Amino acid sequence: MRHQKRTDIREQALGDELMVVDEKTDQVHVLNVTSAFVWKSLDETSDLDQLEQRMRDHFKPPAETDVRGMAGRALAQFEKLNLLLPAAP
C-alpha cells in the first residue's frame, strides 16, 4: 500500500519531536521521535520494508526490536488521524 501525506498538513520541528497541523480541521498533533522519523520518511518511501530498514539504520535498535511493527503502528495512527491521502484502489 502506498502511503502519502496530505498536502495541507504543516510541519514544525520541536526538538526531536514533530508538530503536524491539519489545516482543514485545525487539529495539532505532536509526533514522538519514532513517529516523526516515519512521517519524514514518507517523503521518500512508503514501503514498509524500506521504512523498517531506514529505522534500523537510523536508530540502531537491538535485533529483536519489532521495528516493522513500530512503523506499521505509526502509519495506522496517521491513517486514523486522517493525515494521509486515501489509498489508491
Side-chain angles (χ1 to χ4, degrees):
M1 178 185 302
R2 174 100 171 103
H3 301 279
Q4 288 183 288
K5 299 179 202 178
R6 285 189 12 227
T7 57
D8 58 345
I9 302 294
R10 285 187 297 120
E11 304 173 13
Q12 175 66 48
L14 298 171
D16 289 339
E17 297 179 327
L18 184 70
M19 177 176 64
V20 293
V21 180
D22 183 336
E23 293 185 342
K24 270 178 32 179
T25 64
D26 289 327
Q27 289 185 330
V28 175
H29 309 282
V30 177
L31 308 180
N32 67 22
V33 64
T34 306
S35 292
F37 186 86
V38 173
W39 179 261
K40 291 176 191 175
S41 294
L42 291 178
D43 291 335
E44 297 176 31
T45 186
S46 66
D47 177 77
L48 196 53
D49 290 334
Q50 290 178 10
L51 286 171
E52 177 185 7
Q53 189 58 54
R54 288 175 57 92
M55 290 174 69
R56 287 196 181 282
D57 292 346
H58 181 79
F59 294 109
K60 308 217 181 313
E64 66 276 3
T65 303
D66 183 16
V67 175
R68 184 182 186 86
M70 290 177 174
R73 285 187 294 278
L75 291 171
Q77 188 66 22
F78 299 157
E79 288 175 349
K80 182 178 175 183
L81 296 172
N82 296 312
L83 299 175
L84 302 175
L85 293 171

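Since the model is a prediction, treat every value here as computed from it, not as a measurement.
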Heavy-atom side-chain contact between [X] and [Y] under 4.5 Å:
X: Leu48; Y: His3; value: no
X: Leu81; Y: Val20; value: no
X: Phe59; Y: Val67; value: no
X: Gln50; Y: Glu44; value: no

Listed partners of [X] passing side-chain contact (heavy atoms from CB on, under 4.5 Å), at least two apart:
X: Asp16; value: Val33
X: His58; value: Phe37
X: Lys80; value: Gln77
X: Ala74; value: Ser35, Val38, Phe78

Between the side chain of Arg6 and the main-chain N/O of Asn82, is any donor-acceptor distance below 3.5 Å?
yes

Thr45 side chain to Asp47 backbone, donor-acceptor under 3.5 Å:
yes

Checking Asp57 now: which residues fulfil side chain to side chain donor-acceptor pair (under 3.5 Å) with it, not counting sequence neighbours?
Gln53

Residues at least two apart in sequence or cross-chain that pass side chain to side chain donor-acceptor pair (under 3.5 Å) with Thr7, listed by chain then number, are none

Using the rule given for side chain to side chain contact (heavy atoms under 4.5 Å, CB included), can you reason through Ile9 versus His29, listing the C-alpha separation, both sets of side-chain angles and the distance that settles it, and then say yes or no?
CA-CA 10 Å; Ile9 302 294; His29 309 282; over 6 Å; no

Roughly how far apart are Thr34 OG1 and Glu17 CD, rounded to 0.5 Å?
10.5 Å

Starting at OG1 of Thr65, measure out to CD of Glu52 and round the result to the nearest 0.5 Å.
10.5 Å

How close do [X] and [Y] get, counting heavy atoms only, and between which atoms?
X: Ser41; Y: Arg54; value: OG-NE, 3.2 Å
X: Leu18; Y: Trp39; value: CD2-CD1, 3.4 Å
X: Lys5; Y: Lys40; value: NZ-CA, 4.2 Å
X: Leu51; Y: Ala71; value: CB-CB, 4.3 Å
X: Met55; Y: Pro61; value: O-CD, 4.3 Å

Is Met19 linked to Leu42 within one hydrophobic cluster, defined over Ile, Leu, Val, Met, Phe, Trp and Tyr using a side-chain heavy-atom separation of less than 4.5 Å?
no

